[in-house]
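Just below is one structure, and these are the notes that go with it.
Letters A, B, ... mirror the listed sequences (proteins, then strands); counts begin at 1.
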Amino acid sequence: MGIHGLSKVIADNAPAALKEVPIKACFGRKVAVDASMSIYQFLIAVRQQDGMQLTNEAGETTSHLMGMLYRTIRMFENGIKPVYVFDGKPPDMKSNELKKRGVKREGAEKAAAAAEETGDTENFDKFSRRTVKVTKEHNDDCKKLLKLMGVPYIEAPCEAEAQCAILAKSGKVYAAGSEDMDTLTFGTPVLMRHLTFSEARKMPVVEIELAKVLEGLEMTMDQFIDMCILLGCDYCDSIKGIGPTRAVSLIKEHKNIETILEKLDSKKYPAPEDWPYQAARELFRAPNVTKAEELDVKWEAPDEEGVVAYLVGEKGFNEDRVRSAIQKLIKTRTGTTQGRLGDYFKPVEKPAGSTSAAKRKMDAKAASGSAKKKGGSFMKKK
DNA sequence: ACTCTGACTCAAGACGTT
DNA sequence: CTAATTGAGTCAGAGT
DNA sequence: AACGTCC
């Protein structure tokens, strides 16, 4: 669920933090993208008339490869260099939430099966989209494709959004490219929204700058995190009767959840029983991520024959289409060699209070010269 | 009058040709 | 048994 | 821009 209503809170209280950016101005940007989320969207959206996903002759789904291939190339054509971040194990705190979602999906699965039986394509289409899950195979397919395309990816130990935030914080990338607002709660200095369908549709890219969010809300990062917990996050319940308006004013007045619990009338607004807000807070402050210094993020030359062998040979793609797509990739790649605009970006000033990782900050500049680090390729780490 | 809940809805990609 | 979106929007109804 | 198609 991300953070419930956070985008509206920001729009209302810190409008200066939102900036519409023409896609052209994004040229040269490196961006961290949540791969599992992208795959999920492709599996839902890339379908044919009857509501079935695209498949090869063996019946293996190809919708996600389709989407990943063309979207990635489109980004490159705009000078945007993505690094994909794959989810690891969800934190234990999320299991309650996930269980609830599982129950919902069972209902949708039954409904989809029933609709398929009776040939009700309309309802089959509707319900089958709610039964989509991203499997290990989907993830592995995409990793294989990305590797062949020369596009880096990272396997996060836990939440991809948290890993994206760390990459942006460290300066390895300019921003996290996501629709998920809790990337901000994880501390990304810049969040780029509507990045994916900005060119295809007429929607502009929207950049959200964390420092300006805090400025507009008049909060420290720690206060912001507590506010996000009050708004409602994936890790624990929130206090009934406290919505966006009261959450903002309570944090402004009392500064943290402990004080709010002291001062708040617990008859009117009882806190959830055994409320693990402190553990949730800790997940946001110090999420389980791989340190940016340990990650080598490099864009390499695509292996055209490898991509053709995989997509055409194994997955039944049209060879002409694939080759011309790869040609686009090669062309834009040689054109942009070292993205320029991104290098002028200065990391946003670090908000007060955060516990870990205070030292790096200057490595955005420092990293440009040196490129050694561990093992040859970009993946690794788990 | 304002605020919040909860139940509900919807939409979700990209290419190439026309 | 290896998967568990999300955001945005509307509405009525109730609590403050 | 709309549309059929991609696999």
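A heavy atom lying under 4.0 Å from DNA chain D marks the following residues of residues 55-64 of chain A, by number: A/T55, A/T62. Contacts with DNA chain C (heavy atom under 4.0 Å) in residues 303-324 of chain A: none are found.
At a threshold of 4.0 angstrom between heavy atoms, the contacts of A/R129 with the nucleic acid are absent. Within the 4.0 angstrom heavy-atom criterion, no nucleotide atom of any strand lies near A/Q41.
With rounding to whole Å, A/L54 atom CG is found 7 Å from D/dC7 atom P. Atom CG in A/L69 sits roughly 9 Å away from atom P in B/dC15 (whole-Å rounding). Between A/Y40 atom OH and C/dG7 atom P the separation is 13 Å, expressed in whole Å. Here C/dG15 presents its P atom at 18 Å from NZ of A/K267, a figure rounded to the nearest Å. Between A/F127 atom CZ and B/dA11 atom P there is a gap of 14 Å when expressed in whole angstrom units. Residue A/L43 contributes atom CG, which lies 12 Å from atom C1' of B/dA12 at whole-angstrom precision. Remark: C1' of B/dA14 and NZ of A/K328 are 9 Å apart, rounded to the nearest angstrom. Rounded to an integer number of Å, the gap from NE2 of A/H194 to P of B/dA12 is 13 Å.
Classification of the A/Y235-A/F284 ring pair by plane angle, with boundaries at 30° and 60°, yields tilted.
Comparing A/G5 and A/T135 by the nucleotide of DNA chain C whose heavy atom lies nearest to each, the residue mapping closer to the 5' end is A/T135.
At B/dG13, none of the side-chain N or O atoms of A/R71 fall inside 4.0 Å of OP1 or OP2 (strictly under the cut-off).
When the P atom is used for both B/dA11 and D/dC3, the distance is 16 Å, rounded to whole Å.
Annotation: side chain to side chain donor-acceptor pair (under 3.5 Å) contacts of A/S38 (sequence neighbours excluded): none.
For the pair A/E258 and A/R281, the salt-bridge criterion is met [side-chain N within less than 4.0 Å of a carboxylate O]. The residues A/E159 and A/K94 are annotated as salt-bridged, a charged nitrogen and a carboxylate oxygen being separated by less than 4.0 angstrom. With salt bridges taken as basic N to acidic carboxylate O contacts below 4.0 Å, none links A/R130 and A/E109.
For the pair A/K143 and A/F86, the cation-pi test (distance below 6.0 Å, angle within 45°) is passed.
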Donor-acceptor pairs under 3.5 angstrom involving side-chain atoms of residues 311-322 of chain A: please list them, not counting sequence neighbours.
| from | atom 1 | to | atom 2 | distance (Å) |
| --- | --- | --- | --- | --- |
| A/E314 | OE2 | A/K144 | NZ | 3.3 |
| A/K315 | NZ | A/E60 | OE1 | 3.4 |
| A/N318 | OD1 | A/D320 | N | 3.0 |
| A/N318 | OD1 | A/R321 | N | 2.9 |
| A/E319 | OE2 | A/R323 | NE | 2.9 |
| A/E319 | OE2 | A/R323 | NH2 | 3.1 |

Below 3.5 Å, can you tabulate the donor-acceptor pairs from side chains in residues 44-52 of chain A to any protein atom, sequence neighbours excluded?
| from | atom 1 | to | atom 2 | distance (Å) |
| --- | --- | --- | --- | --- |
| A/R47 | NE | A/L43 | O | 3.3 |
| A/R47 | NE | A/I44 | O | 2.8 |
| A/R47 | NH1 | A/G51 | O | 2.7 |
| A/R47 | NH1 | A/S128 | OG | 3.2 |
| A/R47 | NH2 | A/L43 | O | 3.3 |
| A/D50 | OD1 | A/M52 | N | 3.0 |

**Request:** Can you check each nucleotide of nucleotides 2-10 of chain B against protein heavy atoms at under 4.0 Å and return B for base, S for sugar-phosphate only, - for none, in 5' to 3' order?
**Result:** -SSSS----
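Panel note: side chain A/N56, backbone A/G59; a donor-acceptor pair is recorded below 3.5 Å.
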